[in-house]
Every structure is written in C-alpha cells, then in structure tokens.
Colleague: 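To start, I am sharing the structure in question, which I have written as structure tokens.
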Amino acid sequence: MNATISPSILNCDIADLRGELTKISGADIAHVDVMDNHFVPNLSWGLPVAEAVVKSGILPVDAHLMIEDPDRWAPQYAEVGCESVTFHAEAAAAPLRLARELHRIGARAGLALKPATDIAPFVDILNEFDMILIMTVEPGFGGQSFIEQMIPKIERTRAAIDAAGLQVSIQVDGGISRTTIERAAEAGADNFVAGSAVFRAEDAHREVEALRELANAHTHAH
Ligand code: DX5
Ligand code: ZN
C-alpha cells in the first residue's frame with residue numbers, strides 16, 4: 001500500500017480556508033475534525049464546514065467525527081460528499097450497521113479507536129471497514145505528543161487485517177511528524193494525519209512531500 005497523507009485543517013487559518021486548502025493540494029485527502037464538546041472536550045465545526053470543503057473541490061474529504069451518537073449524524077457527512085467518514089467505536093451504538101449505511105450512501109467507512117480502546121472486540125468486523133483509525137493522542141486537540149504505546153496496537157491491527165486477507169487501511173492521527181511517521185509506518189500504518197506538522201511548517205506543500213517520502217520508505221510490506 002502506498003502511504004497516504006491527510007493533513008488536518010483543525011488548526012489552519014479558518015478565515016482563509018481556501019488558501020489553506022490550496023497549500024495542501026498536493027496531499028491525498030483533507031482531514032476534517034468534527035468535535036461536539038461532548039465526546040471530546042472541544043468544539044470545532046460540523047456539517048456546513050465539511051460540505052464547504054467538499055464543494056471547494058480542492059481535495060476529497062476525510063471526515064473524523066469525534067461526536068456522540070454518530071449513528072444519527074454520520075450518514076449526513078456521506079450525503080454531502082465526504083469521501084471517507086470515520087466514527088468512534090466508543091460512541092457508536094451499532095458500528096456494523098452504520099458502516100453499511102455509509103457504504104450504501106457511497107462513502108468509505110472508518111472506525112476510530114481512542115488510545116485506551118483495544119482492537120480485539122472489532123477483529124471479526126474488520127471486513128466491514130475501509131479504514132481503522134488508531135488515535136495516537138487522546139482526541140480533542142492538535143499539537144499533542146505521539147503516544148508511543150500505540151505502536152503495538154498498530155502492529156496487532158495490521159496483523160489481524162493481514163491474517164484475514166483484507167485490504168483495510170490503518171490511519172494514525174495525533175503527533176505525526178518527521179520524527180514519528182517512520183515508526184508508525186513500520187508498525188503497519190499507511191494513512192497519516194498531520195495537523196501541526198504541516199500547518200506550522202514554513203512550506204506546507206514540501207512538508208506533505210517529506211512526510212510521504214518518509215512513510216513510503218518505511219512502509220511495512222503487506
Ligand atoms: C485531534 C485530531 C487531530 C489533530 C491532529 O483530536 O483528531 O486530527 O488535528 O493534530 P496534530 O497533527 O497536531 O497532532
Ligand atoms: Zn482527527
């Protein structure tokens with residue numbers, strides 16, 4: 001699998017959203033973090049912003065829903081044209097049903113796990129998802145440090161996907177930078193969210209390229 005870079009726009013200059021998206025137009029997809037101040041202790045934005053990013057036509061959208069009751073809200077993100085919709089395992093009442101609903105609408109379905117949530121209870125339904133998001137920080141804020149203990153979870157998840165003969169992506173989100181991306185790639189991640197690493201860089205475009213090169217050089221063979 002080739003490495004995919006998904007810059008998070010959480011801490012970009014929202015007053016110049018089009019300009020910020022243009023800076024990352026060389027990335028694969030734009031990561032849009034939706035926070036409801038209940039599932040996580042922070043509030044960002046919702047459907048209108050996700051839809052505006054889709055409509056900008058600059059990049060496809062990877063929606064990361066850090067919200068309660070995704071069973072109710074996630075399908076709307078697929079309906080407005082997000083290419084990929086990821087909801088949290090801890091928040092979904094019926095993750096399998098929701099994944100099928102997202103597929104029926106035409107989006108890719110992602111399942112996100114907070115740092116203390118194990119992959120084991122979801123191994124039997126991995127085939128229902130296009131992507132597993134392993135949070136490498138506690139969700140809620142950008143700019144936090146990568147949690148090293150997540151490396152074995154990435155490895156276990158990759159082993160379970162390989163054992164089942166599936167082609168499921170593993171996304172990592174939180175603290176991904178030039179110093180952490182290689183370890184995450186070696187462990188089995190192939191989709192990398194980077195917020196502060198990209199938007200605090202002098203040249204966001206070059207940073208995306210640098211991250212992609214490092215990830216591809218260390219991608220585990222599968
Ligand atoms: C955090 C969000 C992340 C965040 C990542 O809860 O899900 O996508 O923007 O930011 P960095 O890359 O700065 O850790
Ligand atoms: Zn995110």
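Any value given below was found using the heavy atoms of this structure, including those in side chains, with hydrogens, waters and symmetry copies removed. Every number for a ligand or one of its atoms is a count from 1 in the order of the listing.
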Colleague: At what distance is the nearest protein heavy atom to atom 13 (O) of ligand 1, and which residue and atom is it?
Modeller: S196 OG, 2.5 Å
Colleague: Heavy-atom contacts with P139 under 4.0 Å: which atoms of ligand 1 show up? List them by number with element.
Modeller: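 Answer for ligand 1: 6 (O).
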Colleague: Look only at interatomic distance and state if Q144 has a nitrogen or oxygen under 3.5 Å from any nitrogen or oxygen of ligand 1.
Modeller: no
Colleague: Among all protein non-hydrogen atoms, which one is nearest to atom 14 (O) of ligand 1, and what is the separation to 0.1 Å?
Modeller: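 So the nearest neighbour among protein heavy atoms is G175 N, 2.8 Å.
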Colleague: Shortest non-hydrogen contact from P60 to E83?
Modeller: CB-OE1, 3.4 Å
Colleague: Pick, from G140, S8, G195, A112, the option with the minimum heavy-atom distance to atom 9 (O) of ligand 1.
Modeller: S8
Colleague: G174 heavy atoms, cut-off 4.0 Å: which ligand 1 atoms fall inside?
Modeller: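 Result: 14 (O).
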Colleague: Does any pair with a residue in residues 13-50 pass ring-ring contact (aromatic ring centres under 6.0 Å, His included), and if so which ones, sequence neighbours excluded?
Modeller: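 Applying ring-ring contact (aromatic ring centres under 6.0 Å, His included) to every pair that reaches into residues 13-50, excluding sequence neighbours, yields H31-H64, F39-H88.
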Colleague: Between D33 and S8, is the side-chain hydrogen bond (donor to acceptor under 3.5 Å, both in side chains) condition met? List the steps.
Modeller: CA-CA 7 Å; D33 289 299; S8 163; 2.7 Å; yes
Colleague: Would you check the N or O atoms of A197, main chain and side chain alike, for any that come under 3.5 Å of an N or O of ligand 1?
Modeller: no
Colleague: So does T179 get a backbone contact from the side chain of R183, meaning a donor-acceptor N/O pair under 3.5 Å?
Modeller: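 The answer is yes, because a donor-acceptor pair under 3.5 Å joins these two groups.
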Colleague: Specify the protein heavy atom at minimum distance from atom 3 (C) of ligand 1: its residue, its atom name, and the distance to 0.1 Å.
Modeller: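 Sorting protein heavy atoms by distance from atom 3 (C) of ligand 1 puts D173 OD1, 3.0 Å first.
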Colleague: Which protein non-hydrogen atom lies closest to atom 2 (C) of ligand 1, naming both residue and atom, and how far is it?
Modeller: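 Going by distance alone, atom 2 (C) of ligand 1 is nearest to D33 OD1, 3.5 Å.
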Colleague: For the Zn ion (ligand 2), which N, O or S atom of D173 is at the shortest distance?
Modeller: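 Among the N, O or S atoms of D173, the one closest to the Zn ion (ligand 2) is OD2.
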Colleague: If you take all heavy atoms of I29 and S84, which pair is closest and at what distance?
Modeller: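 That closest heavy-atom pairing would be CD1-CB, 4.5 Å.
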Colleague: Identify whether the distance between the nearest side-chain nitrogen and carboxylate oxygen of E155 and R158 falls below 4.0 Å.
Modeller: no
Colleague: Can you list the ligand 1 atoms lying under 4.0 Å from a non-hydrogen atom of H31?
Modeller: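 Once the distances to H31 are compared, the set is 8 (O).
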Colleague: Of the protein's non-hydrogen atoms, which lies at the shortest distance from atom 1 (C) of ligand 1, and what is that distance?
Modeller: F141 O, 3.5 Å
Colleague: Which atoms form the tightest heavy-atom contact between A109 and L102, and what is the distance?
Modeller: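 For A109 and L102, the tightest heavy-atom pair comes out as CB-CD1, 4.1 Å.
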Colleague: Relative to the heavy atoms of L10, which atoms of ligand 1 are at a distance of less than 4.0 Å?
Modeller: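 Here the atoms of ligand 1 in question are 9 (O).
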Colleague: Students should be able to answer this: which protein heavy-atom is nearest to atom 10 (O) of ligand 1, and at what distance?
Modeller: G142 CA, 3.5 Å
Colleague: Nearest N/O/S atom of D33 with respect to the Zn ion (ligand 2), by atom name, please.
Modeller: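 Closest N, O or S atom of D33 to the Zn ion (ligand 2): OD1.
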Colleague: Give the numbers and elements of all ligand 1 atoms closer than 4.0 Å to a heavy atom of M66.
Modeller: 6 (O), 7 (O)
Colleague: Looking at D190, D62, T136, which one forms a side-chain hydrogen bond (donor to acceptor under 3.5 Å, both in side chains) with Q171?
Modeller: D62
Colleague: In this structure, does ligand 1 have an atom that sits under 4.0 Å from one of the heavy atoms of V193?
Modeller: yes
Colleague: What is the minimum heavy-atom distance between V85 and C82, and which atoms define it?
Modeller: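 So the two residues come closest at CG2-CB, 4.0 Å.
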Colleague: Assigning hydrophobic clusters by single linkage (Ile, Leu, Val, Met, Phe, Trp, Tyr; side-chain heavy-atom cutoff under 4.5 Å), is V32 placed with L133?
Modeller: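 V32 does not cluster with L133.
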Colleague: Using a 4.0 Å cutoff against the non-hydrogen atoms of H64, which atoms of ligand 1 qualify?
Modeller: 7 (O)
Colleague: Which heavy atom in V168 sits nearest to a heavy atom in L126, and how many Å separate them?
Modeller: CG2-O, 3.8 Å
Colleague: What atoms of ligand 1 come closer than 4.0 angstrom to any heavy atom of A194?
Modeller: 12 (O)
